[in-house]
Asks: 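Supplied in structure tokens, the structure appears directly below.
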Amino acid sequence: MFLLSKNSANSDGKIMVRRFLVTLRPFRLFVAGIGFFTLCFIMTSFGGQFSGKRVGDSPFGIRQLGIKSEGIGLESRVLRKMTDMLEVIVKRMEPLAKLENVSDFRKLEELSSALNRFQPAGLMEKIQAIAQNVSHLTSRVEQLLQTSLAARREVSFYEKAKGKDSSQCEIPKDPNFPDCLGKIEWMRARWTSDPCYAYYGVDGTDCSFLLYLSEKEWFCPPPPWKNHTAFPPRTETKVQILVHLGFLTEEAGDVFSPVVSKGGPLGELVQWADILATLYVLGHSLKISATLRELQSFLGVPPGRGSCPLTAPLSFDIIYTDYHGLQQMKQNMGLSFKKYKCRIRVIDTFGTEPAYNFDDYANLHGYRTNWGHWNLNPKQYMTMFPHSPDNSFMGFVAEKLNNTEKEAIQSNKVNNMAVVYGKDANMWKGKAKYLEVINKYMEIHGTVYYETHWPPEMPMFVKNHGLLPQHELQRLLRKAKLFIGLGFPYEGPAPLEAIANGCIFLQPRFNPPHNSKNNEFFRGKPTSREVSSQHPYTEYFIGKPHVWTVDFNNTEELASAVRTISATKVEPYLPYEFTCEGMLERVHAYIQYQDLCDTVFLSWPQNLAQRFSPSPNATNRITFPQNVTGHFWSPNATKVLTWPPVSSMQFQVSATAQSCTNACQEHGLTCEPTFFQFINNKAIFDKFNFVCDSIESEANHLYPAFEEIAQDCYLQKQILLFSCAGHHPKYRRLCPCRDFRKGQVALCKGCL
């Protein structure tokens, strides 16, 4: 633990005292790297922009800082925002590995050189003090990668099979993998004939056969000692990536600074930090901008008012940004925006549904909002949680504990101790009645920010610790039995972190569900999603015993739940998709396989559609002949759709008033909008015995669908309106579903 220096020359310019608790957690190297990598890339990118300029020449607003310097008493607004973001990153880094010192300070020296050009010395010392305590993590992350990759091969992964007792590699009898035994017998006789097997580490043992067939050809389930796939390989050909943090620019306004140190919701900053670290660890070439001038420089924007095309072809394969950045790129890329917008990925916390995304349709049918209407492929929107299959799930990283830590937590739990989810006093308004019920059985603790007086919204029986550093909050969660949601904020990272630390999450059920029509928070957001609880992901994907969703207005139900929770023992739990490995695997798959710039088609040619054959359960599934793949259908298209693989597709027909999202979920599947193009054909209605008095093609986010009363069939006319989310009492929808990997809903079983 150490303290950063604090200047007190100016009361409103005080630098917050930062504390670090350092503990040995090798698997947290990923999160530990967040601070250093983010700091290095962002600050280094600023260095080029500010070199050769005086601080007074900065185009950004300035404010007084409590740092004394001859002729320099001001700090650019950009620097202040970056300091705010750094504050969040620092809190994410507090439980780091206590590692030995190393001599490689190259990145720190580059950072210092860049900052020295424009930074007041006092602030530079503070940032350097942070960097000195995390810079050594660079080499440790590289060691982790090298151990996992074994010189860019996956042999080291299969070394995990060495030394395993043969009983641990018995051929599993799993009805989902009926060909596993036959394939292993085949490999036993022929594995030496193909050098590919040796390359992947197959050495003739059943363990290596089982591992290979579960990870590379997907004929077998993972062995019991291997729950998930290997660390995704660092890409041999680097993808050129631009990350534009539009919310930090001067033009976006000051969004986070007023709340960053006062308990405001900061989940977006957590997600951005994890995205930056993920892209770096995967080995891609990164450029990061947080100013409009730097964005223009990276894009090659010509002089003028943004109406001209770029001066040269866009050098970036992918651009990650937010809605603010999307607007800035449109204004500055001119005619080139339409050409290159398929390369953009929008980090969108709550998601954007197709009906809101397609501008003409949104205007005609009442779906127009300030945030939608961009006419992107809906998969270009990347969400914090898997809200809707129409978008891509980006996610973030939470801490995963090892077995020793789990045992220590379980032995130290205080069964009558609860912590409330809510750092801002406004989140507690009107909640005293609920808390009084819980307080009859548990001692309630809070972590609410306050300056001088006790927040009037907080009951006096609450033990308030004030706004805590991350490591102290973690310590509190590891003692507490219960984590209480008050209804807001919606869908943040904190409940997952609490569950991962062994807490049970208790949250209110919303009746009726909250949506854009009845709730001010969701009003104007480009989604019709109905939120049934404060955190639907934990309700549906985790559930009891880790998550309890109850009616807080029903005193008896609430009291009964608290009594049961007090007597319930749970282990710390974290879904795989929110671990370091899970996010790396997911983002790696998106970058390598998700190509959103190719032409797609609205229907298959009739002769290909006729080759569909119903399965024995013909009312709900399509079986593809083995030699049929999904061909693009446009005059000049010859490329084959390879991801997600069509072999993962299953066809479902929804009930009336049911979305495809729910129809697929009922069968243990997820809706895959990419596959709508395969079922948008009148031959599908014939194959499944729908009697169609007429077949029409229209632009509607509910189509393809069947109207039972009128017996009319409808096909989709507009590619961008293929939607998993829509539902209507008149229609039964035709739904393309796919399987997914346990703990990784974004990826099908054959997606890697």
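For this chain, numbers begin at 1 and follow the sequence in order. These numbers come from the heavy atoms of this one structure, side chains and all, not from hydrogens, waters or symmetry mates.
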Asks: Between Asp739 and Ser648, is any side-chain donor less than 3.5 angstrom from a side-chain acceptor?
Replies: no

Asks: Aromatic rings His588 and Tyr593: how do their planes relate, parallel, tilted or perpendicular, breaks at 30° and 60°?
Replies: perpendicular

Asks: Any side-chain donor paired with an acceptor under 3.5 Å for Glu539 and Ser532?
Replies: yes

Asks: Between Phe385 and Phe541, does the ring centroid distance fall short of 6.0 Å?
Replies: no

Asks: Do the side chains of Phe690 and Val653 get nearer than 4.5 Å, heavy atoms only?
Replies: yes

Asks: Report yes if some heavy atom in the side chain of Tyr540 is under 4.5 Å from a heavy atom in the side chain of Gln665; otherwise report no.
Replies: no

Asks: Just say parallel, tilted or perpendicular for the rings of Phe350 and His387, cut-offs at 30° and 60°.
Replies: parallel

Asks: Given Cys671 and Cys735, is the disulfide (SG to SG under 2.5 Å) satisfied, shown in steps?
Replies: CA-CA 7 Å; Cys671 181; Cys735 304; over 6 Å; no

Asks: Heavy-atom distance under 4.5 Å between the side chains of Asp274 and Met394, does that happen here?
Replies: no

Asks: Quick one about His667 and Gln650 (side-chain donor to acceptor, distance below 3.5 Å, no hydrogens or angles considered), yes or no?
Replies: no

Asks: Quick one: does Asn518's side chain get under 4.5 Å of Pro512's, heavy atoms only?
Replies: yes

Asks: Is it true that Tyr361 and His701 have ring centroids separated by less than 6.0 Å?
Replies: yes

Asks: Using the side chain to side chain contact (heavy atoms under 4.5 Å, CB included) rule, take Leu715 and Phe685 through it: C-alpha gap first, then chi angles, then the decisive distance, then the call.
Replies: CA-CA 10 Å; Leu715 298 176; Phe685 294 111; 3.5 Å; yes

Asks: How many angstroms lie between NZ in Lys287 and CG in Leu242, if you round to the nearest 0.5 Å?
Replies: 10.0 Å

Asks: Let's test your reading of the model: do Cys737 and Cys660 have SG atoms under 2.5 angstrom apart?
Replies: no

Asks: Hey, mind stepping through Ile319 and Leu314 against side chain to side chain contact (heavy atoms under 4.5 Å, CB included) and telling me if it holds?
Replies: CA-CA 10 Å; Ile319 300 174; Leu314 186 67; 4.0 Å; yes

Asks: Report yes or no: is the cationic atom of Arg586 (NZ for Lys, CZ for Arg) closer than 6.0 Å to the six-membered ring centre of Phe393, at no more than 45° off its axis?
Replies: yes

Asks: Can you tell me how far CZ of Phe396 sits from CD of Gln271, rounded to the nearest 0.5 angstrom?
Replies: 8.0 Å

Asks: Less than 4.0 angstrom from a charged side-chain N to a carboxylate O is my criterion; do Glu708 and Arg732 meet it?
Replies: yes

Asks: What verdict does the side-chain hydrogen bond (donor to acceptor under 3.5 Å, both in side chains) test give for Tyr731 and Asn700, after you've listed the backbone C-alpha separation in whole Å, the side-chain angles of each residue and the deciding distance to 0.1 Å?
Replies: CA-CA 12 Å; Tyr731 299 118; Asn700 190 306; 5.2 Å; no

Asks: Quick one: is the NZ or CZ of Lys717 closer than 6.0 Å to the six-membered ring centre of Tyr714, and within 45° of its axis?
Replies: no

Asks: Would you say Val243 and Trp272 make side-chain contact, with heavy atoms under 4.5 Å?
Replies: yes

Asks: For Thr527 and Tyr381, test the side chains for any donor-to-acceptor distance below 3.5 angstrom and give the result as yes or no.
Replies: no

Asks: Are Phe578 and Tyr537 close enough that their ring centers fall under 6.0 Å?
Replies: yes

Asks: With side-chain hydrogen bond (donor to acceptor under 3.5 Å, both in side chains) as the test, would you mind laying out the steps for Ser392 and Gln594 before giving the verdict?
Replies: CA-CA 10 Å; Ser392 298; Gln594 190 184 56; 3.0 Å; yes

Asks: Could you check whether any side-chain N or O of Ser516 sits under 3.5 Å from a backbone N or O of Ser528, counting only pairs where one atom can act as donor and the other as acceptor?
Replies: no

Asks: Do Arg368 and His373 have side chains that approach each other closer than 4.5 Å (heavy atoms only, starting at C-beta)?
Replies: yes

Asks: Is the closest side-chain heavy-atom distance between Gln658 and His727 below 4.5 Å?
Replies: no

Asks: Taking the side chain as everything from C-beta on, heavy atoms only, tell me whether Pro704 gets closer than 4.5 Å to Phe722.
Replies: yes

Asks: Please lay out, stage by stage, how Met382 and Tyr590 fare under the test side chain to side chain contact (heavy atoms under 4.5 Å, CB included).
Replies: CA-CA 11 Å; Met382 312 196 84; Tyr590 287 151; 3.5 Å; yes

Asks: Side chains of Glu666 and Gln652: do they bring a donor and an acceptor to under 3.5 Å?
Replies: no

Asks: List the steps, then state whether side chain to side chain contact (heavy atoms under 4.5 Å, CB included) holds for Phe740 with Val745.
Replies: CA-CA 5 Å; Phe740 59 89; Val745 70; 4.0 Å; yes

